[in-house]
K.L.:
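Mind looking over this structure? Questions follow.
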Amino acid sequence: MDPHGETPATSEEAAQPSSAALLAQLAFRPSRPHLFIGLLFLILGLLVTLAIVRPGTEEPWRNARTEDLVQILDDLGARQDRLEAESIRLAGLQRDLEAGSTVEAVAEAQRRLAALQVLTGTTPVSGPGLTISIADPKGVVDAAVLLDAVQELRDAGAEAIQAGSNRVVVNTWFADSDTGVLVDGQPVTSPIRLIAIGDPDTMGAALSIPGGLADSVRTRGADFEASAAQSLSISVTVPETTN
Amino acid sequence: MIAIIGLLVGIAIGILWHPLVPLWLQPYLPIAIVAALDAVFGGFRALMEKRFDDRIFVVSFLSNVIIAAFLVYLGDQLGVGAQMSTGVVVVLAMRIFANAAAIRRILFRA
């Protein structure tokens with residue numbers, strides 16, 4: 001209650017019969033009703049601040065739109081479903097293994113061994129896949145393109161890849177040199193041949209999307225060709241190392 | 001004077017301590033504020049007209065808040081919570097405007 005601050009001019013104030021009373025009201029007179037009124041105003045100030053300064057503005061969802069929230073919820077639900085399925089599968093595996101049959105344990109170990117051998121490139125692989133041939137007489141294809149190719153093939157589910165005469169494994173490297181692209185230190189000559197074992201349709205689609213590998217190779221002026229085959233084999237292996 | 005100090009202390013507590021408003025209380029918070037503001041303006045007007053009374057102010061402040069909250073609660077129970085809130089706010093806002101007009105007439109004679 002501060003009427004004094006709102007009175008416009010001193011002359012006006014003097015003309016008001018109530019101004020003296022108003023000033024008197026402003027005086028500091030601690031009496032019981034005044035304290036009570038002060039308490040009420042305290043509550044009012046508290047309420048106003050509580051209503052204006054909302055707690056929890058640090059939570060990003062508070063201001064998110066409903067559609068976004070629904071999307072997030074859906075994502076979380078799908079993720080939970082996936083994880084639950086994985087959890088059930090692993091629990092079943094654990095039960096089987098604990099059931100004590102060594103046959104199953106051995107089978108499981110063999111399965112993992114085979115998968116790891118394919119992954120590390122220590123065993124020949126055969127199956128459906130894709131043969132890619134990049135005719136590059138002008139030498140415009142560099143290491144980055146080949147690396148992109150390998151990555152796109154892996155993303156598309158390639159189990160094993162051969163580049164030139166080298167098996168592409170986890171520590172394979174690509175480099176540019178005067179004689180062309182080096183794969184693990186060996187030059188690959190045009191036409192560059194890539195063999196990928198995996199689902200041919202998926203890999204083919206991945207390579208031929210706009211802006212994908214086929215596009216970028218052709219933009220550079222080289223020739224790109226991919227052909228699917230139901231049975232391909234990669235016989236090149238890398239020696240097993242132990243460390 | 002004490003009222004101003006109380007207001008400032010209340011704001012300070014609200015900002016510094018930041019108590020969490022219980023969820024069931026949150027719909028009533030804006031209504032309570034508007035009702036309290038109505039009582040404050042009413043009290044201010046009475047002050048201007050030199051018929052301010054501590055007791056009336058305290059009682060009207062509390063009863064305003066309680067009745068407004070009760071009306072909103074009733075509206076919620078009847079399934080017309082939103083409309084009831086709007087109605088209460090409109091009525092209180094009209095009263096605030098009427099009081100503000102009276103205050104203005106006394107203060108500025110206009």
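Proteins get letters first, then strands, A, B, ... in listed order; numbering begins at 1 in each.
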K.L.:
Name the orientation class of the two ring planes belonging to A:Phe41 and B:Phe57 (parallel below 30°, tilted from 30 to 60°, perpendicular beyond 60°).
P.N.:
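A:Phe41 and B:Phe57: parallel rings.
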
K.L.:
Identify each donor-acceptor pair in which a side-chain atom of residues 28-42 of chain B lies under 3.5 Å from a protein atom, sequence neighbours left out, and give them as a table.
P.N.:
{"unit_1": "B:Asp38", "atom_1": "OD1", "unit_2": "B:Arg95", "atom_2": "NE", "d": "3.2"}
{"unit_1": "B:Asp38", "atom_1": "OD2", "unit_2": "B:Asn64", "atom_2": "ND2", "d": "3.0"}
{"unit_1": "B:Asp38", "atom_1": "OD2", "unit_2": "B:Arg95", "atom_2": "NE", "d": "2.8"}
{"unit_1": "B:Asp38", "atom_1": "OD2", "unit_2": "B:Arg95", "atom_2": "NH2", "d": "3.1"}

K.L.:
Looking at chain B, which one of A:Leu42, A:Ile43, A:Leu39 has the largest number of heavy-atom pairs inside 4.5 Å, strictly under?
P.N.:
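Heavy-atom pairs under 4.5 Å are most numerous for A:Leu42.
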
K.L.:
Please state whether the side chain, the backbone, both or neither of A:Leu40 comes within less than 4.5 Å of a heavy atom of chain B.
P.N.:
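Both parts, heavy atoms under 4.5 Å.
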
